[in-house]
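Everything numeric here is computed off the predicted structure, so don't read it as measured data. Only this structure's heavy atoms are used, side chains among them; waters, hydrogens and symmetry mates stay out. Throughout, a chain's letter reflects where its sequence line sits, starting with A, and its residues are numbered from 1.
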Amino acid sequence: MARCLANNGHFFVSDATTLTSYHKTPIFVPQTNAKTECPANGIDNNMMKPRVRFAPSPTGALHIGGLRTALYNYLFARKHGGTFILRIEDTDQGRYVPGAEDYIIEALKWTGLVPDEGVGFGGQNGPYRQSDRKDTYQQYAHALVQSGHAYYAFDTPEALDAQRQSIDNFTYNHTTRDGLSNSLTLGDAASQQRVDAGEPFVIRLKVLPGREIHIQDLIRGSVVFQSSELDDKVLLKADGMPTYHLANIVDDHLMNITHVIRGEEWLPSTAHHVLLYEGFGWSDTMPQFAHLPLIMKPVGNGKLSKRDGAKFGMPVFPLNWKGETDEDSFEGFREAGFLPEAVVNFLALLGWHPGNDQEIFSMEALMEAFTIENIGKSGARFDFEKAKWFNQKYIQALDTEALAARVRPLVAAKGYRTNAEYLEKAVGLMQERATVLPDFVETGYYLFEPVKSYEADAVQKKWNAAMAPFMAELIQVLHDFEPFLTLPLEEMVKKIMQEKGLKPGDVMPLLRIALVGTMKGPAVFDTAVVLGRDETIQRLQTFLQYVVDLQ
RNA sequence: GGUCCGUUCGUCUAGGGGUUAGGACACGUCCCUUUCACGGAUGAAACACGGGUUCGAUUCCCGUACGGACUACCA
């Protein structure tokens, strides 16, 4: 079938010709008849560089599932030295949300998925914003009417709603279009008259019944649809804008897209898309399809939605999004303290596997390892615990200096004043204990400001009046103890301990509480060293005062 | 309802006609550590069901069940 030939034929068509010739004479591109085997993996050696696109709709924040789609497109392009394009699908004027486009671009940049072409990135195949291509779609839509693959329809949305109300399972298709108000029933002349008179109309795809439409999906294999089951999809809306179906085919063709990698939700309408390629005479250059499994809710029922973030207490967006209302505002992975490398790694493995046991992948490693064959078929639950694990891994693996640089903004936001040297030491102390960036200034706040409170249980359990002399002596010794380093400090404390007949279990917990207020945290003497002599003494004195007051 | 897609430990998944069904997250236990974490070891934990095909099916085929997506002048 022609589909299998898609990428082969595609590259031999001069699309520069396509673009220019279309303006002179309508549409139909000369076909090539290059025929080769259908490559199983969607790519073969003779093939020119793939061109893929990420085509989000600017209706709000970019969902994490969309980001994964972008990732897979990006990886596929990079792996094969191809081109990754960002196209903004803003054909629904009613759903346009200001700021969404910027958000999408920022999210892509944050995760390192920088497009080669697209809105905000330049390129020779623009414009890349569909609202800027309105005229193009109109011409193609009308041409499709001319060639008999589409028709004008005058039924209003209200009229169709009424049909749906009164007739069970009503659809606009080959069984119902004869009873509706369109150019097939009214005749060309009458229809043209209504169009010319400025009457609102849409253009619908004319789906002929009685044939099978075969799709060779790169992930799912062969999928077959019966054309009689398909409805006459609207291609051009009454406002003159195209629907997704028309716009994506026209643009993918004009932009020389070779592989359409998109969410599974598009699989059912792919049959229509194939029909459109046929209608335009572009079958030989039709891109190959790969329909990605969906990302599901943590509980399993249904695909992950934007509300699930609040519901399950986790981010489902890359960046914070400030909507009109709190309900419409969402936390991002970035703001939750995730490293973009970790988010990318996590997302890559949500629906794709490398074929071995490797879990940690840099972007470069992903580019190398990624293949469409290794994308799974079934939906994957969104596992926030796993996301945190990846983040922890990346925090641990990061060079402490580099990590400190990422923590610095959080420290500054808290109003803490530190120097680079101290920050790095403090970060180093907490590095193995952090899963997200805010842990450094929240769990580890005591490295930047005095202890706020002492764990009452621990104090009560470990403190007794006999400890006071020990603490007093320790404070005294500390004043001129040299060198103020982990091991010497430890030796010194042990010595005093022994002199007083105390055991580590009596002493260490108290020192810990005195220094950080809690029983958890980095090693006591390491903490003392980072805090420094003065602060250590200060905290011991404060604590001693606190327990004395308690008595 | 219709169309299409899917189904291996709780989760992400590897595997694939004959395996002790492997790894990772999470969980349990132990070690390291007088804390927490990291790290190490270890344990529990899965082929949805029913028919075929076959000497043999978790693997191939067909059903069923269950799950999901789509079914707009939204993408």
Out of B:A24, B:A72, B:G2, whichever nucleotide has its closest atom nearest the side chain of A:E229: B:G2
Test: A:D383 and A:K386 ion pair at under 4.0 Å: no
Nucleotide nearest A:E89 when distance is taken to its side chain, options B:G6, B:A75, B:C4: B:A75
Nucleotide paired to B:C49 in any strand shown, Watson-Crick or G-U, under 3.5 Å: B:G63
Aromatic plane relationship, A:F333 with A:F338 - under 30° parallel, 30 to 60° tilted, over 60° perpendicular: perpendicular
Parallel, tilted or perpendicular: rings of A:F201 and A:Y152 (30°, 60°): perpendicular
G-U wobble or Watson-Crick pairing nucleotide for B:C70 (cut-off 3.5 Å, both distances): B:G2
Nucleic acid contacts of residues 380-400 of chain A, taken as heavy-atom distances under 4.0 Å to RNA chain B: A:A380, A:R381, A:D383, A:E385, A:K386, A:W389, A:Q392, A:K393, A:Q396
Span that lies between the C1' atom of B:A44 and that of B:G28, in whole angstrom: 7 Å
Heavy-atom donor-acceptor pair, A:R95 side-chain to B:C74 base, under 3.5 Å: yes
A:F543 and A:Y454 aromatic ring geometry - parallel, tilted or perpendicular at 30°/60° bounds: perpendicular
Presence of salt bridge, A:K503 and A:D506, under 4.0 angstrom: no
Pairs touching residues 287-304 of chain A that satisfy salt bridge (charged side-chain N to carboxylate O under 4.0 Å, His left out), sequence neighbours left out: A:K297-A:D308
If you restrict it to nitrogen or oxygen atoms, what contacts under 3.5 Å exist between nucleotides 62-69 of chain B and the protein, and what is each distance?
residue	atom	partner	partner atom	Å
B:A69	OP1	A:K303	N	3.2

Closest to side chain of A:A238, choosing from B:C4, B:C73, B:C38: B:C73
Closest nucleotide among B:G23, B:U71, B:U13 to the A:H353 side chain: B:U13
A:I295 CD1 to B:G6 C1', straight-line distance once rounded to whole Å: 16 Å
Watson-Crick/G-U partner (both atom distances under 3.5 Å) of B:C36: none
Integer-rounded Å distance: B:C73 C1' and A:E158 CD: 10 Å
Stepwise ring pair (Phe, Tyr, Trp, His ring centres under 6.0 Å) check, A:W321 with A:Y103: CA-CA 8 Å; A:W321 171 260; A:Y103 180 101; 5.4 Å; yes
Aromatic plane relationship, A:F346 with A:F382 - under 30° parallel, 30 to 60° tilted, over 60° perpendicular: perpendicular
Pairing partner of B:A24 (Watson-Crick or G-U wobble, both distances under 3.5 Å): B:U11
Selected nucleotide, minimal atom distance to A:S378 side chain, candidates B:A37, B:G6, B:A75: B:G6
